Amino acid sequence: MKYVIVTGGVLSGIGKGIFSASVARVLKETGLEVNVLKIDPYLNVDAGTMNPNQHGEVFVTNDGYEADLDLGHYERFLGIDMSRKNNVTAGQIYSSVIEKEREGKYLGSTVQMVPHVTEEIKSRIRSLNGELLVVEIGGTVGDIEGQIFLEAIRELALDEGRENFFFAHVTYVPYLKTTNEFKTKPTQQSIQLLMRSGISPDMIVVRSEMKMDRHSLKKVALFGGVREDDVVNLPDTKNVYQIPEILHSLKIHEKIAKRLNLRVSDEFTWNYPKAFEKKRIAIVGKYLGTDDAYKSIIESIFLLGVERPRILDSMMLEGMDESELSYVLSEFDGLIIAPGFGKRGIEGKIAAIKYARENNIPVLGICLGMQMMVVEFARNVMGYSGANSTEFDPKTPYPIIDIMEEQKRILKLGGTMRLGSQEMRIIPGTKLREIYKSDVAFERHRHRYEVNFQTFPEMFKNPGEDGYKLVVSARSKFVEAVEIDSHPFFIGVQFHPEYRSKVGNVHPIFKAFVEVMKE
Ligand code: GLN
């Protein structure tokens with residue numbers, strides 16, 4: 001196994017994930033069997049319990065793992081499905097070491113960071129297969145939590161031979177307007193921190209707001225102990241899907257191959273959207289802290305060659321009268337009602353759904369968004385006043401959305417939802433069937449509540465039947481999707497199509513959603 005290790009310096013959130021995914025893609029193109037691993041030094045066992053406002057979306061893999069959103073970048077860029085093996089957190093490492101200690105597996109020894117924790121980390125890294133493994137270490141060098149992972153990697157490079165390792169350090173160089181210059185000092189210091197951990201970089205990737213001048217790049221090379229040629233400047237770009245192309249044109253695959261003694265071809269067939277249609281799409285949601293909170297949904301639209309949707313604060317819509325609502329919402333060509341947890345903002349979502357339903361605006365509800373579509377329909381069409389999900393109103397007279405039976409006994413929050421890929425049947429004669437062109441599909445889930453079909457069957461009809469009702473368009477043990485057949489696009493899905501979109505292969509539901517706006 002050969003390794004490309006990606007570390008970060010100066011700041012987090014500068015695109016280490018995109019860089020790692022891009023390098024992996026370029027290397028995959030050359031014919032290598034590439035695998036990826038994201039290391040997250042936080043103590044959470046997985047990202048499932050983390051607030052999307054701070055940390056961005058929780059990405060769900062086929063095998064039901066709640067991952068850091070970087071796994072989404074890997075899937076989209078590489079076109080390969082990830083699994084729980086592709087993410088390691090400090091929480092997992094420590095719990096497994098402590099568990100082993102309790103089982104008596106280290107009997108007699110004092111359990112220590114080195115070697116026990118480092119061995120645990122190394123064995124997790126070694127358990128991945130492929131010819132080349134790209135390992136991205138989350139956070140920035142110097143973080144207390146990250147230190148032990150750098151130590152483990154340093155040991156691993158010693159065990160397996162330094163010649164099998166390529167270290168890329170991704171940093172940020174700020175531009176100081178007052179003096180008109182790029183400031184490389186924080187980068188120099190982050191490289192020093194890295195070297196203090198016993199790792200010297202083979203390449204320094206410098207992120208910056210604008211293209212850097214040669215003089216500043218030279219300085220980075222000098223202080224970083226690498227050749228000028230091995231400093232790569234990546235200025236900000238609106239279209240991150242350019243990065244693999246840029247890296248390929250900089251011959252990064254050749255540099256890595258040379259260092260790792262690999263033979264690679266110059267093959268490169270990366271195809272991504274370059275022009276963007278102006279469609280005004282709103283994601284009605286409540287996580288406004290970071291654009292990353294709805295990452296996979298946003299990318300599912302962007303990868304179709306449509307401008308990125310805007311996030312519309314569902315709280316803001318609450319309490320608006322009809323003319324105010326129409327003033328705000330009529331600006332949009334389509335609405336996506338976002339997934340989410342907790343009561344805050346749901347009435348705004350319901351108001352947006354009502355507007356879209358009555359005004360024939362294309363609307364796609366995802367997970368909580370779909371549940372609120374059903375609630376809206378119950379309240380405003382069926383006349384079930386006070387209808388709700390028992391997640392928000394446990395005493396509602398119309399529990400249209402209710403907790404799954406098997407969930408009622410579960411008290412722990414982490415990793416206990418209905419998670420991961422599950423099979424569903426798509427009902428013939430529905431819009432969804434036209435979209436999928438198939439009778440079965442596997443989709444990824446992350447929820448506790450579901451449509452209470454058993455108690456309220458009268459709300460639904462079969463395709464072709466008369467009357468203004470909801471059509472169930474996909475089923476498993478649960479209702480998986482609903483639609484209104486007389487509406488141009490009113491589709492709600494209990495699952496998350498956004499997690500399956502890849503570059504060049506966006507989920508067909510988003511394609512259909514965008515398509516209908518063009519008509
Ligand atoms: N909160 C809802 C549930 O648990 C929806 C979850 C979601 O949107 N991912 O069922």
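Note that the structure is predicted; figures quoted are calculated from it, not measured. Computed over heavy atoms, backbone and side chain alike; hydrogens, waters and symmetry mates excluded. Atoms within a ligand are numbered from 1 in the order they appear, just like the ligands themselves.
Interface atoms of ligand 1 facing C367, defined by a heavy-atom separation under 4.0 Å, are 5 (C), 6 (C), 7 (C), 8 (O), 9 (N). Residue R446 approaches ligand 1 through these ligand atoms, each under 4.0 Å from one of its heavy atoms: 6 (C), 7 (C), 9 (N). The atoms of ligand 1 that sit less than 4.0 Å from any heavy atom of L368 are 5 (C), 7 (C), 8 (O). Residue contact check: H496 has heavy atoms under 4.0 Å from atoms 9 (N) of ligand 1. Distances below 4.0 Å separate heavy atoms of E391 from the following atoms of ligand 1: 1 (N), 2 (C), 3 (C).
Among K349, R357, K354, the single residue meeting the salt bridge (charged side-chain N to carboxylate O under 4.0 Å, His left out) criterion with E376 is R357.
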Q.
Before you tell me yes or no, could you show the steps for Y468 and F377 under ring-ring contact (aromatic ring centres under 6.0 Å, His included), namely the whole-Å CA-CA distance, both residues' side-chain angles and the distance that decides it to 0.1 Å?
A. CA-CA 10 Å; Y468 190 59; F377 199 86; 5.6 Å; yes

Q. Are F478 and F453 close enough, and set up right, to give a ring-ring contact (aromatic ring centres under 6.0 Å, His included), and what steps lead you there?
A. CA-CA 8 Å; F478 306 114; F453 185 85; over 10 Å; no

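Here the two rings, on F59 and Y65, have centers that are 6.0 Å apart or farther.
Polar contact check, Q494 against ligand 1: no nitrogen or oxygen pair lies under 3.5 Å apart. On a distance-only criterion, P339 and ligand 1 share no N/O pair closer than 3.5 Å.
Proximity of E450 to ligand 1, defined as any heavy-atom pair under 4.0 Å, is not found for any part of the residue. The residue M417 has no part lying near ligand 1, judged by heavy-atom distances below 4.0 Å.
With respect to atom 3 (C) of ligand 1, the closest heavy atom belonging to the protein is R448 N, 3.5 Å. Atom 10 (O) of ligand 1 has its closest protein heavy atom at Y449 N, 2.9 Å. Atom 5 (C) of ligand 1 has its closest protein heavy atom at G340 O, 3.4 Å.
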Report all side-chain donor-acceptor pairs from residues 484-497 shorter than 3.5 Å, counting only partners two or more places apart or in another chain.
unit_1: D485; atom_1: OD2; unit_2: K461; atom_2: NZ; d: 3.2
unit_1: H487; atom_1: ND1; unit_2: F489; atom_2: N; d: 3.0
unit_1: H487; atom_1: ND1; unit_2: F489; atom_2: O; d: 3.3
unit_1: H487; atom_1: ND1; unit_2: F490; atom_2: N; d: 3.4
unit_1: H487; atom_1: NE2; unit_2: A356; atom_2: O; d: 2.9
unit_1: H487; atom_1: NE2; unit_2: I361; atom_2: O; d: 3.4
unit_1: Q494; atom_1: OE1; unit_2: Q371; atom_2: NE2; d: 3.3
unit_1: Q494; atom_1: NE2; unit_2: H447; atom_2: ND1; d: 3.3
unit_1: H496; atom_1: ND1; unit_2: E498; atom_2: OE2; d: 2.7

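Aromatic ring pairs are classed by plane angle as parallel below 30°, tilted from 30° to 60° and perpendicular above 60°; the pair Y398 and F456 is tilted.
Across all non-hydrogen atoms, the minimal contact from I14 to R207 is O-NE, 2.6 Å.
Atom NZ of K274 has more than 12 heavy atoms from other residues, nucleotides or ligands within 6.0 Å.
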